[in-house]
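Residue numbers start from 1 in every chain, and the chains themselves are labelled A, B, ... in the order their sequence lines are given, proteins ahead of strands.
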4 protein chains.
Amino acid sequence: MATLNKVTLIGYLGHAPELRYTNGGDPVAHFTLATTETWKDKATGEKKEATEWHRIVMYRKLAEISGEFLKKGSLVYIEGKLQSRKWTGKDGVERVTVEIIADDMRMLGGRHAGHEDGQQAAHDAEPRHQSAPAKGRQPQFEYEDDAIPF
Amino acid sequence: MATLNKVTLIGYLGHAPELRYTNGGDPVAHFTLATTETWKDKATGEKKEATEWHRIVMYRKLAEISGEFLKKGSLVYIEGKLQSRKWTGKDGVERVTVEIIADDMRMLGGRHAGHEDGQQAAHDAEPRHQSAPAKGRQPQFEYEDDAIPF
Amino acid sequence: MATLNKVTLIGYLGHAPELRYTNGGDPVAHFTLATTETWKDKATGEKKEATEWHRIVMYRKLAEISGEFLKKGSLVYIEGKLQSRKWTGKDGVERVTVEIIADDMRMLGGRHAGHEDGQQAAHDAEPRHQSAPAKGRQPQFEYEDDAIPF
Amino acid sequence: MATLNKVTLIGYLGHAPELRYTNGGDPVAHFTLATTETWKDKATGEKKEATEWHRIVMYRKLAEISGEFLKKGSLVYIEGKLQSRKWTGKDGVERVTVEIIADDMRMLGGRHAGHEDGQQAAHDAEPRHQSAPAKGRQPQFEYEDDAIPF
DNA sequence: TTTT
DNA sequence: TTTT
């Protein structure tokens with residue numbers, strides 16, 4: 001295919017992760033993440049600020065770790081892909097929501113930093129980047145991905 | 001701040017860039033970009049494929065270059081940030097559109113690869129990444145690299 | 001061209017930035033950055049850890065900001081490119097040193113987090129990423145976002 | 001840990017991958033990758049160009065795929081981490097080599113584009129990014145990582 | 001030489 | 001609406 005779909009974010013959680021479960025019993029976590037950019041208006045010289053809210057979705061082990069260690073205000077590094085999802089509201093209007101399906105997360109502290117225990121890299125499925133030294137790597141857990149209807 | 005909002009894509013243009021102009025006369029380009037992932041269904045063993053469409057927006061010089069060299073089917077590398085935008089349709093319903101505001105683009109060829117002339121990196125505003133070689137880059141900056149013992 | 005050379009790091013400074021000046025008077029900062037990965041040895045089950053040290057180089061404004069706000073132990077996000085440099089030691093042996101020429105830096109706190117004033121994104125040359133919000137950013141660019149039906 | 005060590009490259013292979021095997025029988029591929037940046041000298045106005053050569057290392061399945069499909073001149077997207085390795089030459093001098101341990105590769109074509117069959121994303125270990133749709137994902141292969149001494 |  |  002030769003295509004790439006990647007999102008990298010560092011931001012603050014707007015609320016604690018909401019943890020749910022699929023029919024198959026797999027955990028799914030949802031939360032929002034805020035990134036803020038600031039700049040100085042060239043004309044008026046005044047400081048400006050804009051916040052972007054991102055919808056983060058995590059599955060399986062990453063969902064569990066986030067559910068356990070992340071809180072409102074946590075600062076995290078997130079890596080994932082963009083995925084849009086169509087849904088129809090009660091008003092009968094079809095809408096599209098764009099979400100980031102995360103597959104890597106690192107806790108960076110922040111206002112309400114979590115337990116020391118959580119200060120690690122966490123990945124969806126097999127670790128790839130940080131967690132993959134040249135020798136002695138470990139396979140990890142088995143997950144059935146079928147049926148994640150949320 | 002300490003936040004980061006970054007998207008990295010490699011994909012195919014769904015249509016040639018639409019070039020418009022702001023009131024101030026600055027060019028703005030819009031196009032869609034397809035990324036496709038393929039996988040094999042664990043249960044049935046059949047090949048699966050899913051395509052994600054991304055809405056790309058470019059300004060100024062990057063918009064001009066894209067308008068000139070990119071076509072339907074072009075393969076490009078895009079770097080930018082996520083930005084959501086609210087708008088109200090003719091039906092009076094408010095919706096949110098998520099776009100990627102690009103600030104870096106590289107042509108990678110594809111089915112209808114553009115001119116050789118366009119086979120370069122292009123950036124919004126001042127170059128940052130690729131554009132700072134060790135020696136002889138910019139007149140306003142002469143550095144003797146020989147003696148950097150670190 | 002169509003090439004890309006990019007490094008993204010989050011790590012801890014091994015020592016405060018060393019600030020020097022080129023003949024032309026431009027500031028250059030050097031420091032080392034540690035990234036650490038941990039894993040569990042599959043066979044023995046024991047915890048393993050490996051630290052990688054990266055040589056970071058910054059120029060101009062980014063060098064100044066880092067010289068002012070970063071210390072030993074600071075946690076930072078760094079973006080840049082790989083660049084190798086040949087040099088001959090006093091022993092007459094030629095060696096190659098690989099450095100990361102940074103063009104983006106964000107302070108993330110860490111043990112000895114810097115001033116609040118330093119808690120911002122900093123870029124080499126003109127800002128590109130974070131710095132281009134949808135409205136009201138720059139005087140030289142007025143865009144009416146209301147009517148971008150795409 | 002909260003650290004990150006990531007390299008992203010798009011470049012051309014300097015030579016076909018050299019495929020070797022560890023004592024444990026696992027494949028390891030080595031090749032060099034060229035990234036080139038071009039700029040115009042502000043003072044003289046002449047075109048400048050600098051090429052950076054990166055040492056890429058791949059293991060297991062990624063090594064196999066690369067050994068099969070990549071050639072001299074292939075254009076690829078590479079993702080991985082920086083890792084330095086000390087070694088002592090026949091002259092008794094200790095040197096450090098910095099390599100990129102790749103965990104993701106996408107073929108982008110290039111001068112001598114490979115088989116159509118190879119035009120896919122390939123990952124080290126479990127797929128994470130592109131290859132991880134919401135449903136029906138697949139675990140993949142089992143590899144014993146022990147003993148990769150090259 | 002960092003950090004958790 | 002792209003591409004392989």
Side-chain angles (χ1 to χ4, degrees), chain A residues 1-5 69 77 84 106-109 113-122 130, chain B residues 9-18 30-39 47-56 70-78 107-113 150, chain C residues 9-18 30-39 47-56 70-78 107-113 150, chain D residues 1-5 69 77 84 106-109 113-122 130:
Chain A
M1 238 12 34
T3 66
L4 177 77
N5 173 0
F69 295 111
Y77 168 91
S84 57
R106 320 231 164 165
M107 301 178 65
L108 298 172
H115 296 200
E116 285 313 299
D117 319 64
Q119 294 292 112
Q120 312 160 16
Q130 286 289 98
Chain B
L9 303 171
I10 295 175
Y12 297 91
L13 272 77
H15 58 83
E18 296 167 16
H30 288 84
F31 58 86
T32 55
L33 194 75
T35 57
T36 306
E37 54 177 314
T38 56
W39 68 99
K47 281 191 179 176
K48 296 275 193 171
E49 180 178 302
T51 294
E52 187 70 30
W53 286 98
H54 311 272
R55 306 171 85 85
I56 312 295
L70 300 186
K71 311 170 186 174
K72 179 177 181 171
S74 295
L75 180 64
V76 294
Y77 168 91
I78 293 281
M107 302 179 63
L108 298 172
R111 256 240 259 188
H112 322 276
F150 215 81
Chain C
L9 302 171
I10 296 175
Y12 296 91
L13 273 77
H15 57 85
E18 296 167 15
H30 287 84
F31 58 86
T32 54
L33 194 74
T35 57
T36 305
E37 54 176 315
T38 56
W39 69 98
K47 281 190 178 177
K48 296 274 193 173
E49 180 178 302
T51 294
E52 187 70 29
W53 286 97
H54 311 271
R55 307 171 84 85
I56 312 295
L70 300 187
K71 313 171 185 174
K72 178 177 182 173
S74 295
L75 180 65
V76 294
Y77 169 92
I78 293 280
M107 301 179 64
L108 297 173
R111 255 239 257 187
H112 322 275
F150 215 80
Chain D
M1 234 23 26
T3 66
L4 178 77
N5 173 1
F69 295 111
Y77 168 91
S84 56
R106 321 228 166 168
M107 301 179 64
L108 298 173
H115 297 201
E116 286 312 301
D117 319 65
Q119 294 293 110
Q120 311 160 17
Q130 287 290 98

Ile10(B) versus Arg106(D): any side-chain heavy-atom pair under 4.5 Å? no

Can you tell me how far P of dT1(E) sits from CZ of Phe31(C), to the nearest Å? 19 Å

Quick one: Lys47(B) NZ to dT4(F) C1', roughly how many Å, whole number? 10 Å

Without decimals, in angstroms, what is the distance between Lys71(C) NZ and dT2(E) P? 16 Å

Looking only at heavy atoms, which two atoms of Tyr12(B) and Trp53(B) are closest? And how far apart? O-CZ3, 4.3 Å

Tell me: CG of Leu33(C) to P of dT3(E), nearest whole Å? 12 Å

Side chain Thr51(B) and base dT2(F) donor-acceptor under 3.5 Å: yes

Could you tell me which non-hydrogen atom of His15(C) sits nearest to which non-hydrogen atom of His30(C), and how far apart they are? CE1-O, 3.8 Å

Rounded to the nearest Å, what distance is computed from the CD atom of residue Glu52(B) to the C1' atom of nucleotide dT2(F)? 13 Å

Kindly state whether the pair Trp53(B) / dT1(F) counts as stacked, where counting means centroids closer than 5.5 Å and planes tilted less than 30° apart. yes

When you get a sec, tell me which of dT1(E), dT2(F), dT1(F) is the closest nucleotide to the side chain of Thr32(C)? dT1(E)

Rounded to whole Å, how long is the line connecting atom CG of Leu75(C) with atom P of dT1(E)? 20 Å

Tyr77(C) OH to dT3(E) P, in whole Å, measures 22 Å

Starting the side chain at C-beta, find the nucleotide from dT1(E), dT2(F), dT4(E) nearest to Ala34(B). dT2(F)

Once rounded to the nearest 0.5 Å, what's the spacing between atom CG of Leu33(B) and atom OG1 of Thr51(B)? 11.0 Å

What's the NE2-C1' distance between His54(B) and dT2(F), to the nearest Å? 11 Å

